[in-house]
Number of protein chains: 2
Amino acid sequence: MFGRSPIGPLGEATLSEKSSRSEVVYKLLRQAILEQALRPGTKLSEDTIADHFKVSRTSVRAALVRLNAEGIVDLRANKGACVAEPTLEEARDIFALRRMLEAEVIRRLVADLDAAGVKRLQQHVRQEETALSDHGPLSIRLAGEFHILLAELTGSQALTRFVREIVSRCSLILARFARLHSPECAVDEHVQIIRALQSRDTATAERIMLEHLDAVELRAELDTGKEEPDISAILQRYARKG
Amino acid sequence: MFGRSPIGPLGEATLSEKSSRSEVVYKLLRQAILEQALRPGTKLSEDTIADHFKVSRTSVRAALVRLNAEGIVDLRANKGACVAEPTLEEARDIFALRRMLEAEVIRRLVADLDAAGVKRLQQHVRQEETALSDHGPLSIRLAGEFHILLAELTGSQALTRFVREIVSRCSLILARFARLHSPECAVDEHVQIIRALQSRDTATAERIMLEHLDAVELRAELDTGKEEPDISAILQRYARKG
DNA sequence: GTCGTCAACATTGTATACAATAATGTTGAT
DNA sequence: ATCAACATTATTGTATACAATGTTGACGAC
């Protein structure tokens, strides 16, 4: 049916260069999750996704396997996939590790960052400011990508990889626990970070980054009561009572 | 053909509990790579693997996608998979990050580690000593798993995940660059680490771990000349000259 | 002899078909 | 009416078939 046009019905995402179908599905699902369009716990039925994107389940499955490896999709045998639901315990664990990783990023950048890097950061922040007026999902994604850009500027692929993964998982945590769907990071805090980096003052830069991350974590931590009803957990509570 | 017995021809790996075929292929491939039976650069043809394990290419592909996500398999579009070949630059990058992660592990363990944890570590080292006499691939794997066990004992899933990944990639690096195929870590250094942890002296414990990692890295670093001939890299060097 | 072209082959990417498992609904006995 | 056992349905896991791309080697032009 689609033999003639390798990447036909997927449309938009195929403009820049040809990617495989599974690649496109992967990117779109990932974006949807990180922009909180698909919330934690949402069932990801292979058929539904395949129909929606007009591809075969094969491609969808490949995408789900990748997302599972990144920790943003849960995959239970014979029971399908769903958007991961980090627990509060996992959340604290992940935030602790994130502080360590991003502190390292800052330390490296204070030593290394050049003018070109600063320019890229400032450019990114300008994008964030523009997107902010939309109150759309874009600003959520850009906020996370600021931190990834910082990691990239260290020149360490490995560090970037880990920061990317942990930022993704933090997005999930916020999606699950935070009250507001607004961007996770205040843009002006990003501006402060850039200034601190330019000052070459490691202690200050690190402190500002950690305060920034605390602020992000606080938004989740404050709000644990709001966690959406989980049938089995609730029933188990009642079972213990009766 | 295999309709009757869900996990028939794979045999050995299915004893403990039923896993999906792709899961089994994933585990076996991963083990083969980490035990250096499949060396960096080895082509991983889907057909070959499928035939060898008596499963369909579908299951093999799923396994390869996972391994690729972990960074131990390279996957180039339309050109198949091969065991990743970390460059020397990547190697240094990865070792730097590993030092940071494992230093964190040590700091946490000095604070937290209990008697049960010590016992598990000692038990593991005993396994390592036993395996050492075989001079087989097992000792290589166990050496890496000591570091993973350390991470697990911190109780941090996220940290464990990252340590597991980075230890895997270090195994690949050693497989590519180190002269000897013997275990990457000296067992007595592991014993020293345990002792240092018991002493609750953060500075000493951290120093010993870092020295240990330096020793591991040195084994790779010393030996960069031995890198097997890579046509394109060589030609590129000559292209710059001419 | 070297380079370019094209056809035959091999391998990967995707779709579809089938098998196996879990979820759901129905029936009948108590 | 309740519950268990069975039949039915839906969904995932795997295999196979086909399409698309990459590779190899033969042939001919220069």
Side-chain angles (χ1 to χ4, degrees), chain A residues 1-11 13-14 17-29 41-69 73-83 231-232 235 242, chain B residues 1-11 13-14 17-29 41-69 73-84 231-232 235:
Chain A
M1 183 178 181
F2 303 118
R4 305 165 284 147
S5 81
I7 316 270
L10 287 164
T14 71
E17 64 171 50
K18 67 177 171 184
S19 321
S20 68
R21 285 159 136 74
S22 59
E23 177 88 10
V24 174
V25 173
Y26 162 78
K27 283 180 180 160
L28 291 178
L29 280 181
T42 306
K43 182 78 197 304
L44 299 173
S45 149
E46 297 179 0
D47 261 325
T48 307
I49 296 169
D51 289 353
H52 186 269
F53 287 152
K54 301 276 195 293
V55 300
S56 73
R57 275 179 52 219
T58 309
S59 309
V60 175
R61 277 180 75 83
L64 290 175
V65 167
R66 281 182 67 179
L67 292 168
N68 175 64
V73 157
D74 270 5
L75 213 53
R76 277 154 319 194
N78 289 317
K79 293 176 70 180
C82 59
V83 181
I231 302 291
S232 64
L235 292 184
Chain B
M1 183 179 182
F2 302 119
R4 307 164 282 147
S5 82
I7 316 270
L10 286 164
T14 72
E17 63 172 47
K18 69 176 172 186
S19 321
S20 68
R21 285 160 136 74
S22 58
E23 177 87 7
V24 173
V25 173
Y26 162 79
K27 284 179 179 162
L28 291 179
L29 280 180
T42 306
K43 182 76 197 300
L44 299 172
S45 151
E46 298 179 359
D47 262 325
T48 306
I49 297 168
D51 289 353
H52 187 269
F53 288 152
K54 301 278 194 294
V55 300
S56 74
R57 276 179 51 221
T58 309
S59 309
V60 175
R61 278 181 73 82
L64 290 175
V65 167
R66 281 181 68 180
L67 292 167
N68 175 64
V73 157
D74 269 7
L75 213 53
R76 277 156 318 196
N78 290 316
K79 293 178 68 179
C82 58
V83 181
I231 303 289
S232 65
L235 291 183

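Reckoned from all heavy atoms, side chains included, excluding hydrogens, waters and symmetry mates.
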Visitor: Report the residues that fulfil salt bridge (Lys or Arg N to Asp or Glu O under 4.0 Å) with B/Lys79, sequence neighbours left out, ordered by chain and then residue number.
Guide: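 Listed in chain order: nothing, the list is empty.
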
Visitor: List the residues meeting salt bridge (Lys or Arg N to Asp or Glu O under 4.0 Å) with A/Lys43, not counting sequence neighbours, and say none if there are none.
Guide: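 Counting only residues at least two positions away or on another chain, A/Lys43 forms no salt bridge (Lys or Arg N to Asp or Glu O under 4.0 Å).
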
Visitor: Calculate the interatomic distance between B/Glu46 atom CD and D/dT14 atom C1'; express it in whole Å.
Guide: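 For the pair B/Glu46 CD and D/dT14 C1', the rounded distance is 15 Å.
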
Visitor: Take atom CG of A/Leu64 and atom P of D/dG13, then tell me their distance rounded to the nearest Å.
Guide: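 So the two atoms are 10 Å apart, to the nearest Å.
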
Visitor: Any base atoms under 4.0 Å from B/Ala77, or only sugar-phosphate, or nothing? Heavy atoms, all strands.
Guide: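 If one applies the 4.0 Å heavy-atom cut-off, B/Ala77 turns out to touch the sugar-phosphate alone, with no base involved.
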
Visitor: Would you check if A/Leu64 and A/Leu29 make a side-chain contact, meaning some heavy-atom pair closer than 4.5 Å?
Guide: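 Yes. Closest side-chain heavy atoms under 4.5 Å.
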
Visitor: Quick one: A/Lys54 NZ to C/dT16 P, roughly how many Å, whole number?
Guide: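 A/Lys54 atom NZ is separated from C/dT16 atom P by 13 Å.
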
Visitor: I want to confirm an ordering. Mapping A/Asn78 and B/Ala81 to their closest nucleotides on DNA chain C, which one lands closer to the 5' end?
Guide: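 Checking each residue's closest nucleotide, the 5'-ward one belongs to B/Ala81.
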
Visitor: Of all the choices, C/dT12, D/dT16, C/dA15, which nucleotide is nearest to the side chain of B/Ser56 once you look at every atom?
Guide: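 It is D/dT16.
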
Visitor: Which listed nucleotide (C/dT12, D/dT16, D/dG13) is nearest to the side chain of B/Thr58?
Guide: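 It is D/dT16.
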
Visitor: What about B/Ser45: does its side chain form a donor-acceptor pair under 3.5 Å with the base of C/dT12?
Guide: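 No such pair is found, so the answer is no.
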
Visitor: Rounded off to whole Å, could you give me the CG-to-P distance for the A/Leu44 and D/dA10 pair?
Guide: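 Rounding to the nearest Å, CG of A/Leu44 and P of D/dA10 are 20 Å apart.
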
Visitor: What's the closest nucleotide to the A/Lys79 side chain, out of C/dA22, D/dG13, C/dG13?
Guide: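 Nearest nucleotide to the side chain: C/dA22.
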
Visitor: Select base, sugar-phosphate, or nothing to describe what A/Ser59 touches, counting heavy atoms under 4.0 Å on all strands.
Guide: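 A/Ser59: backbone/sugar contact only, no base atoms under 4.0 Å.
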
Visitor: Grab the CG-P distance between A/Asp47 and C/dA15 for me, whole Å please.
Guide: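 Atom CG in A/Asp47 sits about 13 Å away from atom P in C/dA15.
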
Visitor: If I take atom CZ in residue B/Arg61 and atom P in nucleotide C/dT14, what distance separates them, rounded to the nearest angstrom?
Guide: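 My rounded result for the distance is 7 Å.
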
Visitor: Can you identify which nucleotide, out of D/dT14, D/dT11, D/dA17, has its nearest atom closest to the B/Arg57 side chain?
Guide: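 Between D/dT14, D/dT11, D/dA17, the one nearest the side chain of B/Arg57 would be D/dA17.
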
Visitor: Tell me whether the side-chain N or O atoms of B/Ser22 pair up with the base of D/dT14 as donor and acceptor below 3.5 Å, since no angle test is needed here.
Guide: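 Answer no: no donor N or O sits under 3.5 Å from an acceptor.
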
Visitor: Quick one: does B/Leu67's side chain get under 4.5 Å of B/Tyr26's, heavy atoms only?
Guide: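 They are in side-chain contact.
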
Visitor: From CG of A/Asp51 over to P of C/dA15, roughly how many Å is that when rounded to an integer?
Guide: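 Between P of C/dA15 and CG of A/Asp51: 12 Å.
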
Visitor: I'd like to know if B/Arg76 reaches the base of D/dG22 with its side chain such that a donor and an acceptor end up less than 3.5 angstrom apart.
Guide: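 When only heavy-atom distances are counted, B/Arg76 does not reach the base of D/dG22 through any donor-acceptor pair under 3.5 Å.
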
Visitor: For A/Asn68 and D/dT12, give me the distance from atom CG to atom P, rounded to whole Å.
Guide: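 To the nearest whole Å, that distance equals 14 Å.
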
Visitor: Decide yes or no on side chain to side chain contact (heavy atoms under 4.5 Å, CB included) for A/Arg66 and A/Ser22, but give the supporting numbers first.
Guide: CA-CA 10 Å; A/Arg66 281 182 67 179; A/Ser22 59; 6.0 Å; no

